[in-house]
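Please read the structure below before turning to the comments.
Note that ligands are numbered from 1 as they come in the structure, with each ligand's atoms numbered from 1 the same way.
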Amino acid sequence: MVVNETQQQVRDMTRKFANDVIRPVAAELDKTERFPEEIYQQMAELGLFGISVPEALGGPGFDTQTYALVMEELSRGYASIADQCGLVELISTLLVEHGTPEQQQRWLAPVLSLETKVAYCITEAEAGSDVSAIRTFAKRNGSGWLLEGSKLWIHNAPVADLAFVLARTDPDAGHRGMSIFIVDLHTSGVRRGQREHKMGQRASPVGGLEFSGVQLPPEALLGQQGRGFHMMMSVLDKGRTGIAALAVGIAQAGLEAALDYSQQRKQFGKEINEFQGVQWLLADMAKDICAARLLVLFAASKIDANEDSTMTCAMAKCFASDTAVKRTADAVQVFGGIGYIQGVEVERLYRDAKITQIYEGTNQIQRMIIARELIKKGVTV
Ligand SMILES: Cc1cc2nc3c(=O)[nH]c(=O)nc-3n(C[C@H](O)[C@H](O)[C@H](O)COP(=O)(O)OP(=O)(O)OC[C@H]3O[C@@H](n4cnc5c(N)ncnc54)[C@H](O)[C@@H]3O)c2cc1C
């Protein structure tokens, strides 16, 4: 895949940062579940948050392909770090595409510097894959709004300052009755649930949020009332492409670790990479990772070209995350017994990969989208 000179420079800079700063502490972050503020500060200084925010609005103004390359390299260091980058990208894209000039002026700079930590809140106890089932609602209260409800499994909920919350504003209007609110989480009536302890990506804090009679000013409404579902969906192509790139980074780290180990470990008097059984594992890992990376960049290029990208982004998310799970399992296999021991990199990578098949829409949902688009539009890739 040809990447242009700028994309290559940003990728190389991110790779160096991941090698020097992220990878050395990945095992510690996984073990302690620590929020690595010092790494995020350095990333903010390097301009790695809000990659595609236009220069006129204070961002670096890179394209989606550059964003995908950055996500892969960060994740190759440690997936939780890439996850934070993906979250900021999603929120800043919402602000750029749908925010008023006042909202952009107020929030973009602190969000990109991570002075303001953000959360993106859709999921509820009864509304996971079926977003239309959300019950959180906001009703008019004078010129402002009153927010009631609760959200579940929200990335950054334990540490966030600001949440973008999908809520119902018209109970009878289905998808058209939802709006997005920008909620200051230090407001009275907001309660944080317990932090969850997860299988993988353990340095990404996840938890619940409850809103009981939270008073919101009129300017808390993002974009138009009733367009919330559409706005959330409009940024999901980019969100899914980011998660796909993150999955490629995990798989790539697994391949590198497995290749390295296969050159050191000897059995039957030979390095294990002299056995065809191990060679084929390595070959299949390399082949699938390469295919996933190309599909991710293809999906990103469609977003950049303003083409219909829904099916390609769903394909990229689905294929890359399935690849990450399957090929990190192969990496554990190459390590043999030691690959199953806590603290060994491939054991963590296998755990970190699993959630990529679930969040940002499960892979069953991605397959539904691919099939729906195929049936509706034919083979358009
Ligand atoms: C670590 C983590 C971080 C998260 N971060 C966020 C966040 O920041 N913000 C946020 O809003 N949410 C977040 N989520 C929630 C995540 O997006 C949901 O878990 C996900 O969308 C799936 O919803 P669910 O868990 O309710 O599963 P369900 O929807 O209950 O699905 C259960 C199973 O049924 C399948 N299924 C459901 N419907 C269909 C169908 N129509 N056809 C075929 N199969 C189907 C699913 O694929 C899945 O296998 C996070 C979750 C986790 C675990």
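Here CH2 of Trp107 is found 12.5 Å from CG of Leu222. Values are rounded to the nearest 0.5 Å.
Residue pairs meeting the side chain to side chain donor-acceptor pair (under 3.5 Å) criterion with at least one member in residues 109-120, sequence neighbours excluded, are Glu37-Lys117.
Side-chain polar atoms of Gln42 and Glu38 form no donor-acceptor pair below 3.5 angstrom.
Closer than 4.0 angstrom to ligand 1 sit non-hydrogen atoms from Tyr120, Cys121, Ile122, Thr123, Gly128, Ser129, Trp153, Ile154, His155, Lys198, Val206, Ile355, Ile358, Tyr359, Thr362, Gln364, Met368.
Between Arg23 and the choices Glu73, Glu345, Glu28, the salt bridge (charged side-chain N to carboxylate O under 4.0 Å, His left out) rule is met once, by Glu345.
Salt-bridge formation is not detected for the pair Lys266/Glu271: no Lys NZ or Arg NE/NH1/NH2 atom is positioned less than 4.0 Å from an Asp or Glu carboxylate oxygen.
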Residue pair Lys302, Asp237: steps toward the salt bridge (Lys or Arg N to Asp or Glu O under 4.0 Å) verdict: CA-CA 10 Å; Lys302 281 193 157 269; Asp237 277 2; over 6 Å; no
